[in-house]
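Working notes, beginning with the structure itself.
Since we're looking at a predicted model, the values are computed, not measured. Each chain gets a letter, A, B and so on, in the order its sequence line appears, and its residues count up from 1.
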There are 2 protein chains.
Amino acid sequence: MKQPTNTPNHFEHLLDQHHLKKTAPRLKVLSMMADKETATSQPDLESLMNDVDRVTLYRILNVFEEKGIIHKVFDLNGTANYAICTSNCQEHRHHDEHLHFNCTQCNNVYCLNDLNLPAFDLPPGFKVNGFTLYATGLCPDCSKKQN
Amino acid sequence: MKQPTNTPNHFEHLLDQHHLKKTAPRLKVLSMMADKETATSQPDLESLMNDVDRVTLYRILNVFEEKGIIHKVFDLNGTANYAICTSNCQEHRHHDEHLHFNCTQCNNVYCLNDLNLPAFDLPPGFKVNGFTLYATGLCPDCSKKQN
DNA sequence: TAATCAAATGCAACACAATTGCATTTGAAT
DNA sequence: ATTCAAATGCAATTGTGTTGCATTTGATTA
């Protein structure tokens with residue numbers, strides 16, 4: 001029996017798990033990011049959270065990232081984008097070893113989790129902790145519109 | 001017979017090739033970035049170029065990137081880092097399909113060009129233009145100091 | 001080598017992202 | 001209901017990057 005991952009109940013459970021108080025701003029951030037196929041940019045989040053102070057949003061994003069609830073990825077413009085981690089993320093040790101696809105047209109960042117990445121080699125001396133494959137190009141939507 | 005890639009002469013040639021005027025600030029940017037194993041962060045560049053206006057630096061970095069002379073990579077903090085492209089880069093079409101390694105200790109970004117990346121698959125509909133593998137962990141230097 | 005002119009630089013001002021310190025509020029525990 | 005650390009809100013600041021315009025400079029050509 002699978003747990004639902006995008007219900008208000010799940011969000012409260014998530015905050016409990018990480019010993020974080022269940023506050024309105026935090027629950028709002030989670031619900032804003034859920035149900036989105038793509039990561040949410042900081043500017044988008046800020047306008048979505050219009051009744052919440054900017055500083056509060058930054059602090060929420062920071063704790064969420066530290067706790068492994070969300071992860072951050074920078075798009076082609078250097079803008080921070082945030083997405084809820086699907087699984088395997090722990091405090092101070094993310095396992096977001098998936099593919100980030102950044103569309104050059106709509107600028108959306110897709111987190112393609114179900115892709116298993118191939119192994120790769122590093123020169124001696126480098127100790128890898130985590131990695132992501134970052135690809136750019138056209139997403140399905142923009143690819144269609146192109147024709 | 002191989003051409004040297006980090007001499008003042010080579011830099012002038014590089015600017016000629018891309019129809020850019022050989023100016024003092026531009027040559028300085030190139031010499032600052034050359035001979036470095038790692039990419040140079042924007043803040044570092046700015047303090048190294050202390051006699052050059054900030055705006056000029058930004059404009060130089062932008063044309064160099066457009067022309068394919070350098071490429072930009074964001075580190076874990078979202079700070080822009082710049083490195084001279086080794087080869088294969090053309091205007092508006094970079095081929096920086098190499099590994100970027102970001103050390104979590106010293107924050108240095110290594111561009112490991114000689115590594116050939118494995119192939120990977122994408123869900124249908126995505127049209128890939130370019131990609132980089134972005135890894136985090138400890139670089140050889142920090143890895144040594146750790147023990 | 002002097003004149004010319006677009007290209008490049010410098011300066012002032014601005015826009016936006018992100019942080020810090022401190023006062024106030026609030027969720028959870030007693 | 002009371003309490004208190006945790007979380008939020010507010011004011012101010014720092015840092016990154018951009019825009020418009022005046023000035024300077026490198027390459028061209030006379």
**Reference residue B/V29; test side-chain contact (heavy atoms from CB on, under 4.5 Å); the match among B/L57, B/T56, B/V52** = B/L57
**Asked** Nearest 0.5 Å, what's the CG-CG distance between B/N129 and A/N102?
**Response** 11.0 Å
**Message:** Let me spell it out: for each of B/K21 and A/A24, pick the nucleotide of DNA chain C with the closest heavy atom. Which residue's pick is nearer the 5' end?
**Reply:** B/K21
**Asked** Taking the nucleotide of DNA chain C with the closest heavy atom to each, which residue, A/F74 or A/K22, is nearer the 5' end?
**Response** A/F74
**Message:** Ring centroids only, cut at 6.0 angstrom: are B/Y110 and A/F126 within range, meaning strictly under it?
**Reply:** yes
Between the protein and nucleotides 11-15 of chain C, which nitrogen or oxygen pairs come in under 3.5 angstrom?
none

**Message:** Once side chain to side chain donor-acceptor pair (under 3.5 Å) is applied, do any residues pair with B/D16, and if so which ones, sequence neighbours excluded?
**Reply:** B/K22
**Contacts of A/D75 that satisfy side chain to side chain donor-acceptor pair (under 3.5 Å) - sequence neighbours left out** = A/N81, A/N107
**Message:** Please check if the number of heavy atoms outside A/E37 that lie under 6.0 Å from its CD is greater than 12.
**Reply:** no
**Message:** Quick check on A/D121: does its CG atom have over 12 non-hydrogen neighbours (other residues, nucleotides or ligands) under 6.0 Å away?
**Reply:** no
**Message:** For a 4.0 angstrom threshold against heavy atoms of chain B, report the outermost contacting nucleotides of DNA chain D in 5' to 3' order.
**Reply:** D/dT16 to D/dA27
**Item:** Near-strand residues of residues 38-48 of chain B, defined as heavy-atom separation under 4.0 angstrom from DNA chain D
**Value:** B/Q42, B/P43
**Request:** Could you walk me through whether B/H13 and B/H18 pass the ring pair (Phe, Tyr, Trp, His ring centres under 6.0 Å) test, one step at a time?
**Result:** CA-CA 9 Å; B/H13 184 70; B/H18 293 96; 9.5 Å; no
**Message:** Using five base pairs at each end to define the local axes, how bent is the helix from C/dT1-D/dA30 to C/dT30-D/dA1, to the nearest 10°?
**Reply:** 30°
**Request:** Decide side chain to side chain contact (heavy atoms under 4.5 Å, CB included) for B/C111 and B/H100; before the verdict, give the C-alpha distance in whole Å, the side-chain angles of both, and the deciding distance to 0.1 Å.
**Result:** CA-CA 5 Å; B/C111 299; B/H100 287 133; 3.6 Å; yes
**Item:** ring pair (Phe, Tyr, Trp, His ring centres under 6.0 Å) between B/F131 and B/F120, worked out
**Value:** CA-CA 11 Å; B/F131 62 92; B/F120 61 97; 4.9 Å; yes
**Message:** Both B/Y58 and B/D16 contact DNA chain D. Which one's nearest nucleotide lies toward the 5' end?
**Reply:** B/Y58
**Prompt:** Just by modelled atom types, is the A/V55 backbone N or O under 3.5 Å from a matching donor or acceptor in the A/D53 side chain?
**Reply:** yes
**Message:** Just by distance, no angles: are the side chains of A/Q42 and A/Y58 close enough, under 3.5 Å, to form a donor-acceptor pair?
**Reply:** yes
**Request:** Could you tell me the separation between the CG atom of A/L15 and the P atom of C/dG27, rounded to a whole number of Å?
**Result:** 13 Å
**Asked** Under a 4.5 Å side-chain heavy-atom rule over Ile, Leu, Val, Met, Phe, Trp and Tyr, are B/L138 and A/L122 clustered together?
**Response** no
